[in-house]
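Working notes for the structure below.
Numbered from 1 within each chain, the chains take letters A, B, ... in sequence-line order.
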Amino acid sequence: MYPKDLRYSSEHEWVRVEGGRVRVGITRFAADRLTDVVFVELPAAGAKVTFMQPFGVVESVKAVSDLYAPLSGTVVEVNPALVDSPEVVNSDPYGKGWMIVVQPDDLRELERLMPVDQYVVAIGEAAP
Amino acid sequence: MAITHLKRTSLYDVHRAAGARIVEFGGWEMPVQYAGIVEEHHAVRTAAGLFDVSHMGEVEIFGPGALESVQRLVTNDASRLTPGGGLYSPMCLPSGGIIDDLTVFRLHGDRFLLVVNATRTERDFLWIAEHTRAATARNRSAELALLALQGPKAETILGRLTGADLTQLAYFHLAEGMAVAGLACLVARTGYTGENGFEIACEWNAAPVLWRALMDTGGPDGLVPAGLGARDTLRLEAGYMLYGNDIDETTTPLEAPLGWTIKFEKGEFIGREALLAQKERGAVRKLVGFEMMERAVPRHGYALLAGGRPTGQVTSGTFGPWVRKSIGMGYVAREYAAVGMPLQVDIRGRPTGAKVVKLPFYRRS
């Protein structure tokens with residue numbers, strides 16, 4: 001449900017470090033709360049994103065939610081599959097449902113994000 | 001500070017046990033979804049869904065003046081109803097503004113049953129009581145539970161629980177005292193989904209028994225519990241108005257696409273003069289259906305633009321799970337109401353392309 005190799009934001013984004021870049025998506029918890037994602041609005045490659053500032057929008061049938069950047073940096077890649085198949089955010093949030101790849105300004109910002117054990121406590125899903 | 005207690009239907013515990021996500025709707029705690037809106041929506045289009053709509057109101061009008069009272073209250077013509085017959089109608093203010101949209105059934109000669117929106121029950125009942133002459137209005141909302149069984153498998157499923165011949169129950173007709181799973185029910189062939197189906201009223205506390213009987217027999221047919229979320233996406237695809245979103249006391253049936261429900265020739269009714277005058281002038285705004293040119297979802301309250309200039313607001317919008325398009329309804333100045341007219345929806349500050357289409361978005365084949 002919550003991979004150990006990721007870092008998590010309080011707004012339910014995950015971050016995977018890939019070399020000097022990071023891949024960003026939303027967690028299983030967020031995907032389940034949204035249910036039925038039907039549209040994802042993302043910035044274009046080259047756009048700047050700022051730590052904990054909105055960088056996009058995810059829409060389910062019922063609701064609109066902002067996406068918050070878990071790191072500051074420059075968008076270098078955007079998931080093209082989400083244009084026609086946004087439902088992969090629900091079916092595979094850590095894989096096919098990724099949203100953007102960011103070239104971080106400062107990788108040390110990762111320390112402001114939660115490791116998995118802290119995140120599952122934050123969402124009330126820690127094992128008793 | 002006023003403390004408002006949310007009301008619960010007799011099926012609340014059944015919904016919780018089925019894993020429903022509960023939300024507040026019009027003063028009620030109701031299931032918005034179980035497995036998910038899209039899955040429930042598809043089940044209703046391909047098999048069947050069961051909805052708890054016990055929060056809806058029921059008002060009975062009976063006595064020698066019942067027909068005249070109903071005729072005064074609604075714009076449609078109830079005099080043509082034979083026993084068991086029903087019709088859809090707005091109920092208007094003298095201004096022509098819509099107090100509620102409802103279903104009127106003629107139970108017998110002098111007995112009518114009005115099924116009204118949950119959010120409007122109190123307002124409706126006071127209005128109805130005030131305008132009833134030589135007849136009695138009785139609010140039966142607290143004693144009647146209401147389930148909606150909707151979808152292509154609905155008739156097969158219901159047929160297994162009753163000895164009644166459902167083929168004899170025509171669209172928009174009602175049968176009183178039909179035994180379903182051993183319970184005395186009012187069964188109407190009506191719905192709010194665009195599918196064939198039934199709305200089944202029973203005694204308030206009997207609903208859990210009826211619900212379980214339907215779920216048990218319908219499970220193998222693909223029957224699923226469905227919440228208010230799917231009810232909303234289904235009705236929007238089917239082009240039905242949602243009171244409080246698409247119509248209210250500031251909109252008239254001529255502005256909404258409900259002109260067909262106004263029977264001027266039937267004689268006097270509340271709102272007739274104002275509506276006749278508006279008909280002669282022509283309504284200056286019209287509710288239209290539109291589809292988006294891309295997936296971004298129009299939502300209630302977003303601005304509608306024509307030629308870059310504001311012309312109205314989105315009243316309902318969603319991604320239609322079956323039609324697989326972002327769709328909506330809203331009011332526009334009448335010159336922009338023609339089918340094919342390009343519009344824009346202001347989505348988060350960006351004018352996003354849309355075009356006017358014919359309602360409904362979905363019609364069952």
Side-chain angles (χ1 to χ4, degrees), chain A residues 1 11-12 25-44 46-50 53-69 75 78-93 96-100 123-125, chain B residues 19-25 30-44 226-237 242 245 291-302 314 316-328 345-350 352 354:
Chain A
M1 294 288 274
E11 296 290 342
H12 314 292
I26 63 169
T27 67
R28 167 70 65 192
F29 177 83
D32 285 353
R33 293 308 294 172
L34 285 164
T35 68
D36 304 327
V37 171
V38 295
F39 179 67
V40 185
E41 190 173 283
L42 297 172
K48 292 282 186 193
V49 296
T50 306
Q53 293 299 307
F55 73 89
V57 163
V58 58
E59 297 208 42
S60 66
V61 172
K62 267 310 225 200
V64 187
S65 304
D66 283 326
L67 296 163
Y68 292 85
V75 177
V78 177
N79 187 351
L82 299 185
V83 176
D84 289 320
S85 304
E87 61 276 7
V88 297
V89 173
N90 293 114
S91 59
D92 190 10
K96 293 194 185 81
W98 68 275
M99 291 180 175
I100 55 174
I123 59 174
E125 291 193 11
Chain B
R21 195 175 294 175
I22 305 284
V23 297
E24 189 272 339
F25 176 81
M30 298 298 292
V32 65
Q33 62 176 59
Y34 304 79
I37 293 171
V38 170
E39 193 173 325
E40 293 160 29
H41 186 114
H42 279 263
V44 172
L228 294 186
R231 185 169 162 83
D232 189 47
T233 53
L234 288 157
R235 72 90 196 169
L236 185 46
E237 283 187 347
L242 173 60
N245 275 36
E291 61 180 53
M292 304 300 297
M293 302 291 107
E294 52 182 271
R295 280 185 84 129
V297 184
R299 309 270 179 191
H300 177 78
Y302 286 8
V314 176
S316 287
T318 192
F319 180 79
W322 184 260
V323 300
R324 296 196 59 77
K325 278 182 234 174
S326 286
I327 55 174
V345 181
D346 183 335
I347 297 184
R348 296 178 285 278
R350 190 168 61 90
T352 308

Quiz prompt | Side-chain heavy-atom pair A/E41, B/R348 within 4.5 angstrom cut-off | solution =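 They are in contact (side-chain heavy atoms under 4.5 Å apart), so the answer is yes.
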Quiz item: Any side-chain heavy atom of B/R21 within less than 4.5 Å of one from A/R33?
Solution: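 Yes; the side chains approach each other to less than 4.5 Å.
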Quiz item: Take atom CD in B/E291; do more than 12 heavy atoms of anything else shown fall under 6.0 Å from it?
Solution: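 Enclosed.
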Practice problem: Using the side chain to side chain contact (heavy atoms under 4.5 Å, CB included) rule, pick out the option among A/N90, A/V37, A/V61, A/T35 that qualifies with B/V38. | Solution: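 Considering A/N90, A/V37, A/V61, A/T35, a side chain to side chain contact (heavy atoms under 4.5 Å, CB included) with B/V38 is found only for A/V61.
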Quiz prompt | By salt bridge (charged side-chain N to carboxylate O under 4.0 Å, His left out) - contacts of B/E237 (at least two apart) | solution =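 Residues passing salt bridge (charged side-chain N to carboxylate O under 4.0 Å, His left out) with B/E237: B/R45.
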Exercise. Output all residues satisfying salt bridge (charged side-chain N to carboxylate O under 4.0 Å, His left out) with B/R235, sequence neighbours left out; order by chain, then residue number.
Key: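 Per chain and number, B/R235 pairs via salt bridge (charged side-chain N to carboxylate O under 4.0 Å, His left out) with B/D232, B/D246.
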Quiz prompt | Closest contact, heavy atoms only, A/S60 versus B/R299 | solution =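 Heavy-atom minimum between the residues: O-NH2, 2.8 Å.
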Practice problem: Return the minimal non-hydrogen interatomic distance between B/V32 and A/K62, and the atom names on each side. | Solution: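 Nearest pair, atom of B/V32 first, then A/K62: CG2-CE, 4.3 Å.
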Quiz item: So which part of A/V40 gets closer than 4.5 Å to some heavy atom of chain B, the side chain, the backbone, both or neither?
Solution: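 No part of A/V40 comes within 4.5 Å of chain B.
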Quiz item: Between B/T233, B/T318, B/V297, which residue shows the highest count of heavy-atom pairs closer than 4.5 Å to chain A?
Solution: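 Among the listed options, the one with the most contacts to chain A is B/V297.
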